[in-house]
Amino acid sequence: MNRFNFTSYLTSNVKISDEFVEQLLQNCSIKLVKKNEFLLQQGNVCMHSFFVEQGLLRQFIIDEQGKEHIIQFAPENWFVADRSSQFFKAPAMTNIQAIEEAKLLMLDENIINQLIEKNPAYNIYSNQLLHKHIYSLQKRIYQLLASSAKERYLDFVKTYPDILLRVPQTMVASYLGITPESLSRVRKELAQEHML
């Protein structure tokens, strides 16, 4: 079990003993999911945080017209959860789905609370993660409201450097809040600028 990416992720970010990591891993569930499989659907309560060992997930909502809006992608070494559903035990507003076959570590709230109680360093790190998540959400809102499609695309490439090779253009456009045709125009403009 010690070869998990999650182990490396934890030990590189928090001062934590090998024994504690081993104990933690024994209380985590491993889930193998198929492409297009849902881990969470709108209306259900989110019971776990998912750490992506291998594969790629997406978190998205579906509006009243049936249109999908991708909130985030979760490649390897990323966490994803519907945090408000998890914390408030409320129906989830989002869906979480595998874009590729994936291997996940599932952490329930009790495990996260154990980490916080038994390791003060993890409590500090958990707060940093929460603030980073809030920052990312605020940045996403700002970009969708005030940034140009080109600026959003460039930030997307910076945030997810290898995603373009792994997802269809329609999903990238959904994340950016533009049509696939607009995305093609943006990419063409950027390619021309780099040729000058």
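Values reported hereafter were calculated over all heavy atoms of this structure, with side chains retained and with hydrogens, waters and symmetry mates removed.
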Using the ring of each side chain (for Trp, its six-membered ring), is Phe73 parallel, tilted or perpendicular to Phe156, with breaks at 30° and 60°? perpendicular

Has the side chain of Arg83 got a donor or acceptor atom that lies under 3.5 Å from a matching backbone atom of Ser49? no

Return the CD1 to CG distance between Ile30 and Leu105, rounded to the nearest 0.5 Å. 6.5 Å

What residue among Asn95, Leu39, Asp82 forms side-chain contact (heavy atoms from CB on, under 4.5 Å) with Gln59? Asp82

Tell me whether Val167 shares a hydrophobic cluster with Leu164, the cluster being built from Ile, Leu, Val, Met, Phe, Trp, Tyr side chains joined at under 4.5 Å. yes

Shortest non-hydrogen separation from Pro161 to Lys158 and the atoms involved: CD-O, 3.7 Å

Could you tell me if the side chain of Leu40 sits less than 4.5 Å from the side chain of Val80, heavy atoms only? no

Which value, rounded to the nearest 0.5 Å, describes the distance between Ile99 atom CD1 and Met171 atom CE? 4.5 Å

Decide yes or no on side-chain contact (heavy atoms from CB on, under 4.5 Å) for Glu101 and Leu32, but give the supporting numbers first. CA-CA 7 Å; Glu101 284 189 5; Leu32 301 175; over 6 Å; no

Can you give me the closest heavy-atom contact between Gly55 and Arg166, atom names plus distance? O-NH2, 3.2 Å

Within this structure, what is the CD1-OG1 distance for the pair Ile70 and Thr170, rounded to the nearest 0.5 Å? 7.5 Å

Considering only heavy atoms from C-beta outward, does the side chain of Met106 approach that of Phe50 to under 4.5 Å? yes

Nearest heavy-atom contact between Pro180 and Gln169 is O-NE2, 4.0 Å

Heavy-atom pair of closest approach, residues Tyr9 and Asn77: CE1-O, 4.0 Å

Within 6.0 angstrom of Phe38 CZ, more than 12 heavy atoms from elsewhere: yes

Do Ile124 and Leu130 belong together in a cluster built from hydrophobic side chains that touch within less than 4.5 Å? no

Verify same cluster id: Ile96, Ile61 (apolar side-chain graph, 4.5 Å): no

Is Lys31 close to Glu37 at the side-chain level, that is, under 4.5 Å between some pair of heavy atoms? yes

OG1 on Thr94 to CD on Gln41, rounded to 0.5 Å: 11.0 Å

Taking Asn5's backbone N and O only, do any of them form a donor-acceptor pair with Glu53's side chain (distance below 3.5 Å, no angle check)? yes

To the nearest 0.5 angstrom, please state how far the CZ atom of Phe79 sits from the CZ atom of Phe6. 4.5 Å

In terms of heavy-atom contacts, Pro91 and Gly43 come closest through CB-O, 3.4 Å

Are Met93 and Phe60 co-members of a hydrophobic cluster defined by side-chain heavy atoms under 4.5 Å apart? no

Judged by modelled atom types alone, do Arg187 and Ser184 share a side-chain donor-acceptor pair under 3.5 Å? no

Hey, could you give me the CZ/OG distance between Arg58 and Ser174, rounded to the nearest 0.5 Å? 7.0 Å

Distance-only side-chain donor-acceptor flag, Asp155 / Gln143, under 3.5 Å: yes

If we only count heavy atoms from C-beta on, is the Leu104 to Val52 side-chain gap below 4.5 Å? yes

Lys89 atom NZ, over 12 foreign heavy atoms within 6.0 Å: yes

Is NZ or CZ of Arg152 both nearer than 6.0 Å to the six-membered ring centre of Tyr175 and within 45° of the ring axis? no

Side-chain heavy atoms nearer than 4.5 Å, only ILVMFWY residues, links allowed to pass through others: does that put Phe87 and Val45 together? no

Taking Gln42 for the side chain and Ile62 for the main chain, is one N or O donor matched with an acceptor at less than 3.5 Å? yes

Neighbour count >12 (heavy atoms, 6.0 Å) for atom CE, Met47: no

Atom of Ala98, atom of Val33 and distance for their closest heavy-atom approach: CB-CG2, 3.8 Å

Donor-acceptor pair, side chain of Glu76 and main chain of Gln54, under 3.5 angstrom: no

